[in-house]
A.B. asks: 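Before I ask anything, here is the structure I am working with.
Numbers here simply count residues along the sequence, with the first being 1.
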Amino acid sequence: MGAKGKIALGVVVSVVVIGAVSANAGDDGDSGSGGNGKDSAASAEPESGTRSDTKADADTKKDAKADKAEKKAAFQGDGDFEVGTDVKPGTYRTTGNTDSLCYWERAKNASGEMGSILANDNVSGTSYVTIPAGDKLFKSSGCKDWEAVDAKATGTPAASVKGNGGMHRVGVDIAPGTYRSTGNTDDLCYWERTKDASHSMESIVANNNVSGTAVVTVAAGDAYFKTTGCKDWKKTG
C-alpha cells in the first residue's frame with residue numbers, strides 16, 4: 001500500500017475520543033571653495049572609526065540573518081529524513097496543502113512496516129508536527145516544504161478559520177474562545193483540540209465528528225486546534 005494510503009494512526013477520524021481532559025548633499029559646483037578643499041575632503045570621507053563601526057554593524061546584521069536562517073532550517077516536502085542527521089529534532093510546519101495529498105509520518109525505524117509508525121497524518125491546509133530526538137525517521141510525501149517553528153513566535157490570532165484549514169496554533173493562528181461551524185453533512189467535519197503537536201492519542205484533549213452544527217470552545221491552554229472537512233469556523237464568544 002502506498003504511503004498516502006496508510007491510515008493516520010495519530011488521528012482516527014472515525015473514532016471520537018471521550019473523556020480526555022487537559023488540566024501560536026551633493027557637490028554644489030562652487031569653484032570658490034578651493035580654500036576649503038581640505039575640509040571638504042575630510043567631510044566627504046568618514047573617520048576610520050566611524051567606517052569600522054558601520055562595517056561592524058553590517059557584519060553583525062549579516063551574522064544575525066545567518067543565525068536566523070539556520071534556525072529556520074527548512075526541509076523539503078518529499079523524502080525520507082533521518083532524525084539528527086537530515087533533520088533536527090523540533091517542531092515544524094507545512095502550509096498551503098490541498099486535497100489531503102500531503103502525507104507525513106514519524107517512525108521509530110526504517111523498516112517501512114506498519115509497526116514502525118509512531119504517528120502520521122494526511123493533511124489539507126496546515127500541519128504542525130513535533131519530531132522528538134528519539135524518532136529515527138521522518139517521512140513526507142506530497143507536502144509543501146517544512147519550516148522550523150519558533151516556540152516563542154507571536155502572531156495576530158484570528159477570530160475565524162477555514163473549516164478545512166488543518167492545524168492552527170492557539171494564541172498565534174487562532175484566538176481562544178467559542179467557535180461555531182454550520183451546515184456540515186455526513187459526519188465529514190472533524191475537529192480536535194490538542195496539548196501538543198506529537199499527534200499521539202495522548203495529546204488529544206477532545207475531538208468530534210460532526211454533522212450539522214458544531215460548537216467548540218478552544219481553551220487558552222490548548223496548544224493547537226485542528227479542523228478538516230468542516231464548514232468555516234467563526235468565533236461567537
Side-chain angles (χ1 to χ4, degrees), residues 7-24 90-97 100 102-106 117-132 143 146-147 149-237:
I7 298 173
L9 300 183
V11 179
V12 183
V13 177
S14 61
V15 176
V16 177
V17 173
I18 300 175
V21 180
S22 67
N24 218 241
T91 300
Y92 296 86
R93 176 180 66 178
T94 177
T95 62
N97 301 287
S100 297
C102 164
Y103 171 82
W104 64 259
E105 178 183 303
R106 289 174 46 217
I117 299 175
L118 296 169
N120 64 354
D121 201 7
N122 289 100
V123 179
S124 183
T126 297
S127 183
Y128 290 83
V129 59
T130 297
I131 305 173
C143 303
W146 295 82
E147 63 178 5
V149 174
D150 186 349
K152 297 181 180 179
T154 59
T156 304
S160 63
V161 294
K162 293 293 184 182
N164 205 38
M167 290 179 71
H168 306 279
R169 190 171 173 185
V170 179
V172 177
D173 304 325
I174 182 175
T178 299
Y179 289 80
R180 182 183 179 94
S181 171
T182 62
N184 300 291
T185 59
D186 301 326
D187 288 332
L188 295 179
C189 167
Y190 173 81
W191 64 258
E192 179 180 294
R193 295 168 49 216
T194 67
K195 59 186 178 183
D196 57 43
S198 69
H199 294 266
S200 66
M201 293 299 291
E202 292 76 17
S203 75
I204 299 175
V205 176
N207 66 351
N208 203 4
N209 289 100
V210 181
S211 182
T213 298
V215 178
V216 58
T217 297
V218 179
D222 292 348
Y224 299 92
F225 176 69
K226 180 180 180 180
T227 171
T228 178
C230 302
K231 299 297 183 181
D232 293 352
W233 295 85
K234 293 184 179 179
K235 190 171 182 290
T236 60

A.B. asks: Going by the angle between their ring planes, with limits at 30° and 60°, are Trp146 and Trp104 parallel, tilted or perpendicular?
C.D. replies: perpendicular
A.B. asks: Can you name the side-chain contact (heavy atoms from CB on, under 4.5 Å) partners of Thr182, sequence neighbours left out?
C.D. replies: Arg180, Thr213
A.B. asks: What are the two closest non-hydrogen atoms of Tyr103 and Asn120, and how far apart are they?
C.D. replies: OH-ND2, 2.9 Å
A.B. asks: Please check this pair: side chain of Asn207 against backbone of Trp191, looking for a donor-acceptor N/O pair closer than 3.5 Å.
C.D. replies: no
A.B. asks: Could you check whether Ser100 and Ser124, counting side-chain N and O atoms only, form a donor-acceptor pair closer than 3.5 Å?
C.D. replies: no
A.B. asks: Taking all atoms of both residues into account, what is the closest heavy-atom pair of Glu202 and Lys195, and its distance?
C.D. replies: O-CE, 2.9 Å
A.B. asks: Among Asn97, Thr228, Thr95, whose side chain to side chain contact (heavy atoms under 4.5 Å, CB included) with Val123 holds?
C.D. replies: Asn97
A.B. asks: Mind listing the closest non-hydrogen atom pair of Thr94 and Cys102 along with its distance?
C.D. replies: CG2-SG, 4.4 Å
A.B. asks: Using a 4.5 Å cut-off on heavy atoms from C-beta on, say whether the side chain of Val129 contacts that of His199.
C.D. replies: yes
A.B. asks: Would you call Asp121 and Met167 a side-chain contact if the rule is heavy atoms closer than 4.5 Å?
C.D. replies: no
A.B. asks: Is the backbone of Lys162 close enough, under 3.5 Å, to the side chain of Asp232 for a donor and an acceptor to pair up by distance?
C.D. replies: no
A.B. asks: For the residue pair Asp173 and Tyr128, establish whether any side-chain heavy-atom pair is separated by less than 4.5 Å.
C.D. replies: yes
A.B. asks: Which heavy-atom pair separates Cys189 from Asn184 by the least distance, and what is that distance?
C.D. replies: CB-OD1, 3.5 Å
A.B. asks: Checking the side chain of Arg106 only, and the main-chain atoms of Ser198 only, is there a donor and an acceptor separated by less than 3.5 Å?
C.D. replies: yes
A.B. asks: Check whether any side-chain heavy atom of Thr126 sits under 4.5 Å from a side-chain heavy atom of His168, and report yes or no.
C.D. replies: no
A.B. asks: Is there side-chain contact between Pro176 and Asp222, with at least one heavy-atom pair below 4.5 Å?
C.D. replies: no
A.B. asks: Determine yes or no for a side-chain-to-main-chain donor-acceptor pair under 3.5 angstrom, with Thr227 supplying the side chain and Gly163 the backbone.
C.D. replies: yes
A.B. asks: What pair of heavy atoms forms the shortest contact from Gly171 to Pro157, and how long is it?
C.D. replies: O-CG, 3.2 Å
A.B. asks: Just say parallel, tilted or perpendicular for the rings of Tyr179 and Phe225, cut-offs at 30° and 60°.
C.D. replies: parallel
